[in-house]
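First up is the structure itself, then whatever we jot down about it.
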Amino acid sequence: MTPHQVELLRWLADGCPERDWPDHTHKTTIRALHSRGLAKITRKRKIWAATITERGRYYLSHGRYPPAIASHATATDPPEVPLTRDQRRTDEPVLDTTARAMQRLNRRPQTPAKRTTRTVQETYMRYKVVVTRVQVAERFVRASSEEDAASKTQEEFDRPYGYFGSWKTTGTEVDVIEAEQTIVIKPTSLAAYGPLLLSLKDAGKALGLSYSTLYQMVNQGDIDHVLLGTRKYISRAHLIEFIERNTHKGYYRAR
């Protein structure tokens, strides 16, 4: 261990006498001692307290870890002890807010999008998309301790329309989780396998003309039609013939 860690361990063994600490780095070091089993941290009613353990007293007396954990102490990695959020090891790099948020995104399982397949010629699809955005904000909070600063920040989040500061987007993820078919585009009436006769309404849709315009053209004799009873139909051959007869190149002046 480092000399500073040994000094704090002796301070715990002396019963934590009054001392003017310049900052809160001693708490981080004691958390590292806690992860090694040399100290014990308790927190009741937001009061932080630390005491030395029997393993810590053994280390002060002999200058080494007890035989039961000596193999862990001499290994490259310290013994695996479950750590809480506030009990990170000091020998590991402390990740900032952005890095922790990106790690949470990477750990999230990717679910494949659900698709409904149909045998159609052309379709419009509606996709359900989930957008995940990681935002980070920094702000200085005037407080007497770490717990007080965290409590004030949380209170501001709980307030409706609480302003926390200037947010900066550090990462955006778009996931398509579902897709469904909405509209099936059917083949046009002029397709090779369409009907031979078209009503004026369907023929107008095929030509891109309104019903009244096509009705007037039929009455004027501009396009041939088939009369069945009182209803008028236009054959596909007459539609194609009408298009070819009225197709021109360059400048054309109508008669």
Rounded to the nearest 0.5 Å, how far apart are NZ of Lys168 and CD of Gln135?
12.0 Å

Which pair of heavy atoms, one from Tyr59 and one from Tyr65, lies closest together, and at what distance?
CD1-N, 3.7 Å

Going by atom type alone, with no hydrogens or angles, which donor-acceptor pairs under 3.5 Å involve a side-chain atom of residues 219-234 and a protein atom two or more places apart or on another chain?
from   : atom 1 : to     : atom 2 : distance (Å)
Asn219 : OD1    : Lys232 : NZ     : 2.7
Asn219 : ND2    : Tyr215 : O      : 3.3

Quick one: which residue pairs count as a salt bridge (Lys or Arg N to Asp or Glu O under 4.0 Å) with a foot in residues 6-17, not counting sequence neighbours?
Glu7-Arg19

Using 0.5 Å steps for rounding, measure from the CZ atom of Arg36 to the CZ atom of Arg55.
13.0 Å

Heavy-atom nearest pair, Ala143 first then Ala149, reads CB-N, 3.4 Å

Determine whether more than 12 heavy atoms belonging to other residues, nucleotides or ligands lie under 6.0 Å from atom NZ of Lys152.
yes

When you look at Arg57 and Leu60, which way does the side chain to side chain contact (heavy atoms under 4.5 Å, CB included) test go after all the steps?
CA-CA 5 Å; Arg57 298 184 186 277; Leu60 291 178; 5.7 Å; no

Just how far is it from atom NZ of Lys128 to atom CD1 of Ile177, taken to the nearest 0.5 Å?
4.5 Å

Could you tell me which non-hydrogen atom of Phe242 sits nearest to which non-hydrogen atom of Met217, and how far apart they are?
CZ-CE, 3.0 Å

Is the shortest side-chain heavy-atom distance between Trp11 and Ile30 below 4.5 Å?
yes

Which pair of non-hydrogen atoms, one from Ala32 and one from Ser35, has the smallest distance, and what is that distance?
O-OG, 2.6 Å

Which atom pair, heavy atoms only, marks the closest approach of Leu198 to Leu239?
CD1-CD1, 3.4 Å

Residues which pass salt bridge (Lys or Arg N to Asp or Glu O under 4.0 Å) with Arg142, listed by chain and number, not counting sequence neighbours:
none

Could you walk me through whether Asp148 and Val141 pass the side chain to side chain contact (heavy atoms under 4.5 Å, CB included) test, one step at a time?
CA-CA 9 Å; Asp148 189 21; Val141 179; over 6 Å; no

Could you tell me the separation between the OG1 atom of Thr170 and the CZ atom of Arg133, rounded to the nearest 0.5 Å?
10.5 Å

Please report the shortest heavy-atom distance between Leu12 and Ala39, naming the atom on each side.
CD1-CB, 3.7 Å

As an exercise, state the distance from OG1 of Thr29 to CG of Leu9, rounded to the nearest 0.5 Å.
11.5 Å

Given the rule in the side chain to side chain contact (heavy atoms under 4.5 Å, CB included) test, do Leu38 and Gln5 qualify, once you have shown the distances and angles that lead to the verdict?
CA-CA 10 Å; Leu38 304 178; Gln5 292 174 337; over 6 Å; no

Is any side-chain heavy atom of Leu33 less than 4.5 Å from a side-chain heavy atom of Ile41?
no

Euclidean distance, Lys205 NZ relative to Leu214 CG, rounded to 0.5 Å
13.0 Å

Atom CD of Glu147 with >12 non-hydrogen neighbours under 6.0 angstrom:
yes

